[in-house]
Amino acid sequence: MRKRICLVALLSLLVVFIALPSWAWQGRMAGMGDAAGLVADESDFLIHPALIASGKGLNAYGHYRLTYEKTKNWEYSASVPMMDVIYPFTADGRLWKHEGQLGAALGLGPGRLGVFFDYTAASGKYSGAEVYEGFSGSGFQSFELENELDSFALKAIYGLPVGPVNVGAEFGLAYVKEEQKNLMPTEMLTNFPWGAEDNPVYNLLPYAIPFDSKYWEASAKASAAGKAGSMSYMFTLRGGLPFASDNEYVHSDYSYGYGSWVEGKVKGFNVAGDLWMRLAVSENISLPFVVSAGFKKITRDGSGFSSGPSTIEYEHEAKDIFVTVGGGAEMTPASGTRLAAGLYYNYLKSEQNVQFMDTFDPSDWYIDNYTNMPKSTEHRLTLKLLAEQELNSVLSLRGGLSAFYGLAKRDYSYYAVGLGSLPVTVSPDGSHYGVNASIGASIKAGAVVLEPFINAGYAKYKTDGDGVTGPVPTYVEVNKTNWLAGGGLSVKF
């Protein structure tokens, strides 16, 4: 109900904006395939706050975007040929994502102030099956995966000129609620954590590690923008950290009347930097260049009790690193015509691990330790092409095409302490590739300009590799196919 109310409010305000004078906003970038850094745009001050200082007058902004993602053949299959054992999980499902933004900017003192409210909601539901041949014979398991996200953010941006340089800062406060869970209806299991104890048939953690978290997050940016000869530059440092948090992990096994509940906190931080440069070769040609890097660490923990009875403790750590380096060329071969192309290298690394400890008394305890669940890396190249054409004083059209190819590697490993279980370590690798196309327009009716856009894309992740279960060779395949479609509207007045 809360999501519906927020979306109705956002759409109602966008209708109000449509009735007022407006120019291009984020819809322009979305219609060219999200080409931030390749083509200059007013919305760049959402990334580099110093750029807001170059605006004039009072402006109000609105933006809404809807994305639908269909997942097919989401597979995790592990087999031990020497033991005639195979656990082939496969799932299909979909995710809906809503993004809305309302804001305004105006002159204040020697500079310019912007205030923005952002809302993001995502809901994913997936269903799957496992037809396995295991140590205790063959069988069938159905399973379900769910994830939910609600994020409300308020941020203030201020920029002002200091001599030849514009400087700026942004301060934000967000409330985030996110949840991941898995279920096995055939066994009446929810969020089963004990798969490392030679229970691979129930282990859904390779898909997602469950949690239910609520927290506030504070964020800040510091930015500078200026020119040095024919070179313009924009540089921003940013960071954030969660606080006032609550985290839960609930496991239930209704077939045995067993359950456990733990409660803890969300801790961590994130830091990143963005450097954009643009060299003006001539009046009609410029060469943009981008360097970005960031690191994020989030730890969720908890302690509580089970109906064993026993005490339960757990800790889930997620770390992400990204690096982007690339550039391209932007040209205006004729009045009202813009073309651009860019090539970028991305390094992506993600590590997730979780540990569960079940203690009955000081001499009777068990630990399920998922050291890599997973640890993934990707070296990716992305090509972006775009074009924009002003047909007349009323209509402009634009489009973008991007394609990427990555070398992907994903490690899985886990073991249990206290039960003599077999440790598992596997390292599948392969490729991740995809393509996305976008089109958009600016439609002027008097003083009103609408910026609608749509996009569609496809991505394929395909890896396989060897490892061991104890001393025995093990083979794993991890595959996923995504189709996506979306669209939205941006306005400014």
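Just so you know, these numbers use all the heavy atoms, side chains as well, and skip hydrogens, waters and symmetry mates.
- With rounding to the nearest 0.5 Å, the separation of CG in Asn182 from CG in Leu204 is 4.5 Å.
- Taking the ring centroids of His251 and Phe356, they lie at or beyond the 6.0 Å cut-off.
- Two rings, from Tyr347 and Phe322, have their centers 6.0 Å or more apart.
- Separation of the Phe235 and His48 ring centroids does not fall under the 6.0 Å cut-off.
- Every residue was checked against the side-chain hydrogen bond (donor to acceptor under 3.5 Å, both in side chains) condition with Ser138, not counting sequence neighbours, and none meets it.
- For OH of Tyr68, the number of neighbouring non-hydrogen atoms (other residues, nucleotides, ligands) closer than 6.0 Å is greater than 12.
- Side-chain contact annotation: Lys267 with Thr299, donor-acceptor N/O pair under 3.5 Å absent.
- In summary, the aromatic rings of Phe143 and Phe89 are positioned with their centroids under 6.0 Å apart.
- Using modelled atom types and a 3.5 Å distance limit, the side chains of Glu148 and Ser123 yield a donor-acceptor pair.
- The two residues Ala105 and Ile52 come nearest to each other via the heavy atoms CB-CD1, 4.2 Å.
- For the residue pair His379 / Tyr345, a side-chain donor-acceptor distance below 3.5 Å is found, with atom types taken as modelled.
- Under the 3.5 Å distance criterion, with hydrogens and angles disregarded, no donor-acceptor pair is assigned to the side chains of Ser402 and Asn436.
- Within a 6.0 Å sphere centred on CZ of Phe360, heavy atoms belonging to other residues, nucleotides or ligands number more than 12.
- In this structure, the side chains of Leu154 and Val115 come closer than 4.5 Å at one or more pairs of heavy atoms.
- In this structure a side-chain-to-backbone donor-acceptor pair under 3.5 Å is present from Asp301 to Lys265.
- For Phe305, the CZ atom sits in a loose shell: 12 or fewer heavy atoms of surrounding residues, nucleotides or ligands are nearer than 6.0 Å.
- Tyr414 places a side-chain heavy atom less than 4.5 Å from the side chain of Met373.
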In residues 125-134, what donor-acceptor pairs under 3.5 Å come from side-chain atoms, sequence neighbours left out?
none

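- Contact of the Arg238 side chain with the Asp274 side chain is registered, since non-hydrogen atoms from C-beta on lie closer than 4.5 Å.
- When only modelled atom types and interatomic distance are considered, Thr463 and Asp429 share no side-chain donor-acceptor pair under 3.5 Å.
- Expressed to the nearest 0.5 Å, how far CD of Gln355 lies from CD1 of Ile367 amounts to 5.0 Å.
- Put simply, the side chain of Leu149 reaches to within 4.5 Å of the side chain of Thr120, judged on heavy atoms.
- Rounding to the nearest 0.5 Å gives a distance of 9.5 Å between OG1 of Thr324 and OH of Tyr344.
- One side chain, Asn369 or Tyr415, offers a donor N or O that lies under 3.5 Å from an acceptor on the other.
- A donor-acceptor contact shorter than 3.5 Å links the side chain of Tyr249 to the backbone of Asn191.
- In the model, Thr236 has a side-chain atom that pairs as donor or acceptor with a side-chain atom of Ser223 under 3.5 Å.
- Judged by distance alone, with hydrogens and angles left aside, the side-chain atoms of Asn372 form no donor-acceptor pair with the main-chain N or O of Pro374 at under 3.5 Å.
- Aromatic ring orientation, Phe45 versus Tyr61: perpendicular (interplanar angle above 60°, classes split at 30° and 60°).
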(message) Go through it in stages, so that I can follow the logic: the residues are Asn482 and Lys70, the test is side chain to side chain contact (heavy atoms under 4.5 Å, CB included), and I'd like the CA-CA distance, side-chain angles, deciding distance and then a yes or no.
(response) CA-CA 6 Å; Asn482 286 339; Lys70 177 67 175 177; over 6 Å; no
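- In this structure, Lys460 places its NZ atom where more than 12 heavy-atom neighbours from other residues, nucleotides or ligands lie under 6.0 Å away.
- Contact of the His316 side chain with the Gln352 side chain is registered, since non-hydrogen atoms from C-beta on lie closer than 4.5 Å.
- The side-chain heavy atoms of Arg65 and Asn455, taken from C-beta on, include a pair separated by under 4.5 Å.
- Atom CE of Met82 is surrounded by 12 or fewer heavy atoms from other residues, nucleotides or ligands within 6.0 Å.
- Residues Trp261 and Glu248 form a side-chain contact, since some pair of their non-hydrogen atoms from C-beta on lies under 4.5 Å apart.
- The one candidate from Asp41, Asp34, Asp44 that meets the salt bridge (charged side-chain N to carboxylate O under 4.0 Å, His left out) condition with Arg28 is Asp41.
- Met32 has its side chain out of reach of Ser438: every pair of non-hydrogen atoms, C-beta onward, lies at least 4.5 Å apart.
- Taking the six-membered ring where tryptophan is involved, the planes of Phe453 and His63 are essentially parallel, since the angle between them stays under 30° and well short of 60°.
- Ring orientation note: the planes of His432 and Phe404 are nearly perpendicular, at an angle over 60° on the 30°/60° scale.
- Counted by atom type alone, Glu146 and Gln180 present zero donor-acceptor pairs between their side chains at under 3.5 Å.
- Listed by first then second residue, pairs satisfying side-chain hydrogen bond (donor to acceptor under 3.5 Å, both in side chains) with a partner in residues 210-221 read Glu178-Tyr215, Ser213-Asn247, Ser213-Arg300, Glu217-Asn270, not counting sequence neighbours.
- In this structure, a donor-acceptor pair under 3.5 Å is present between the side chains of Ser350 and Asp320.
- Scored by the salt bridge (charged side-chain N to carboxylate O under 4.0 Å, His left out) test, Lys409 finds Asp411 as partners (sequence neighbours excluded).
- Checked by atom type and distance alone, the side chain of Tyr370 pairs as donor or acceptor with a backbone atom of Gly195 at under 3.5 Å.
- With no hydrogens or angles considered, no side-chain donor-acceptor pair links Thr359 and Ser310 at under 3.5 Å.
- Partners of Thr186 according to the side-chain hydrogen bond (donor to acceptor under 3.5 Å, both in side chains) rule, which considers only residues two or more places apart in sequence or in another chain, are Gln141.
- Pairs of residues two or more places apart, or lying in two chains, that qualify as side-chain hydrogen bond (donor to acceptor under 3.5 Å, both in side chains) and include a residue from residues 73-95 are Glu75-Asn479.
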